[in-house]
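Counting from 1, the numbers follow the sequence of the chain as shown.
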Amino acid sequence: MTMSEPGNMEEATTPTVKIGRLGDLFLQKGLLTSQQVEQIAAEQRQKKLRFGDAALSLGFLSQAEIDSALGEQFGFGTKELMNGVANEKLRFFHFPFSKESEEIRRLRSELLLKFSASERIHIALVSAGPEEGKSYMAASLAIALSQVGRRTLLIDADLRTGDLHSLFSLGAPDGLSSVLAGRIPLAEAQIPLMPNLHILPAGPRPPNPLEILRVPRIRELLDACHERFDAVVIDTYSSTLASDAQMVAHQVGAVLLMAQKDVTSLSELRQTKSDMQAAGVEVIGTVFNQYQTKSAVQSNISGRWLRALFHRLFSRSAARQS
């Protein structure tokens, strides 16, 4: 039997270092130099820290930079989309380990449990008024579902002011309005964003959005998506300003209400819930969105999602009135 040389034996048993490790990621991004990586490694050995903690300790990286790299390393997200670029407002995409992102994953878990007996998840997001975080949550929730292997379609059914496409820097593409008007087929309007995520933008603004959304057009579109997508998340127009959201929700069957601290009034939220139920829609619950400081809002940093599925929001109010 031929014995290997000691040097060859050591070389054969030494594991190959993956290119994707944190140090290499930061080198590739130009955020660290080779010398800094060596200093961080020394700090790790001396103080028995993780790479990110050692880099923070030395002041070489910020927590946001570390969170972003961890997201890429562990597959929570990537800065590269198949089409477009993710807006910095999409904190769930850019900062997958933040508290806000954890709350969105909690909401995802609630929905997966809710629809565990169903083959498909079809959910519309509805808010009483504008600027209550509905579009942001629709996009974040769609990304979250795609990351657990659900083939997800994000639909912008706000044919009046919808701009979900701007969150992904997609220009002004054709979309839902063009499909429902019969101008282009559904397959041509869907834009791939990630391996398990497509978006159907709102498309050109029609003069008659409510008529275009009428029954059974959305229902037929969902049926056409049945084989290709496991989950469909739909953004809608503000429910107190027109009947579009009620029309869409009636065909989807289930809604998640959105409310924002110091913006949404309880009376409008109750009325929206009542309108949805009158249309035969199951109201799964409410996501309460609380923005941070005024300066944080002005710098386009989205708010913190504190809690999901607040059925008690309504039951407590009803108890006070009875």
[X] to [Y] - nearest heavy-atom pair and separation:
X	Y	answer
Met137	Leu125	CG-CD2, 3.5 Å
Ile212	Arg217	O-CD, 3.0 Å
Val179	Leu221	CG1-CD1, 4.2 Å
Thr272	Ser239	OG1-OG, 3.0 Å

Considering only heavy atoms from C-beta outward, does the side chain of [X] approach that of [Y] to under 4.5 Å?
X	Y	answer
Asn87	Ser169	no
Val281	Val126	no
Phe168	Val85	no

Inset, instruction - For a side chain to side chain donor-acceptor pair (under 3.5 Å) with Glu43, tell me which candidate from Lys47, Gln39, Arg45 qualifies. - result: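 Considering Lys47, Gln39, Arg45, a side chain to side chain donor-acceptor pair (under 3.5 Å) with Glu43 is found only for Lys47.
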Inset, instruction - Taking atom types as modelled, find out whether Thr264 and Glu132 have a side-chain donor-acceptor pair closer than 3.5 angstrom. - result: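 Short answer, yes.
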Inset, instruction - Determine the sole option in Asp158, Asp163, Leu159 for which the side chain to side chain contact (heavy atoms under 4.5 Å, CB included) test with Thr161 is passed. - result: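 The side chain to side chain contact (heavy atoms under 4.5 Å, CB included) with Thr161 is passed solely by Asp158 among Asp158, Asp163, Leu159.
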Legend entry - Cluster companions of Leu49 among Ile, Leu, Val, Met, Phe, Trp, Tyr (side-chain spacing under 4.5 Å):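 Hydrophobic cluster check, Leu49: no partners found.
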Legend entry - Worked verdict on Val232 versus Arg120 for side chain to side chain contact (heavy atoms under 4.5 Å, CB included): CA-CA 8 Å; Val232 180; Arg120 301 288 183 272; over 6 Å; no
Inset, instruction - Check the pair Gln28 / Asp24 against side-chain hydrogen bond (donor to acceptor under 3.5 Å, both in side chains), numbers first and verdict last. - result: CA-CA 6 Å; Gln28 292 168 13; Asp24 289 327; 5.8 Å; no
Inset, instruction - Going by the salt bridge (charged side-chain N to carboxylate O under 4.0 Å, His left out) test, name the single residue among Arg106, Lys99, Arg105 that passes it with Glu102. - result: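 For Glu102, the salt bridge (charged side-chain N to carboxylate O under 4.0 Å, His left out) check succeeds only for Arg105.
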Inset, instruction - For the residue pair Phe26 and Phe51, categorise the inter-ring angle as parallel (less than 30°), tilted (30 to 60°) or perpendicular (more than 60°). - result: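 Plane angle under 30°, so parallel.
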Inset, instruction - List the steps and the verdict of side chain to side chain contact (heavy atoms under 4.5 Å, CB included) for Lys114 and Glu282. - result: CA-CA 12 Å; Lys114 168 66 180 176; Glu282 179 183 8; 2.5 Å; yes
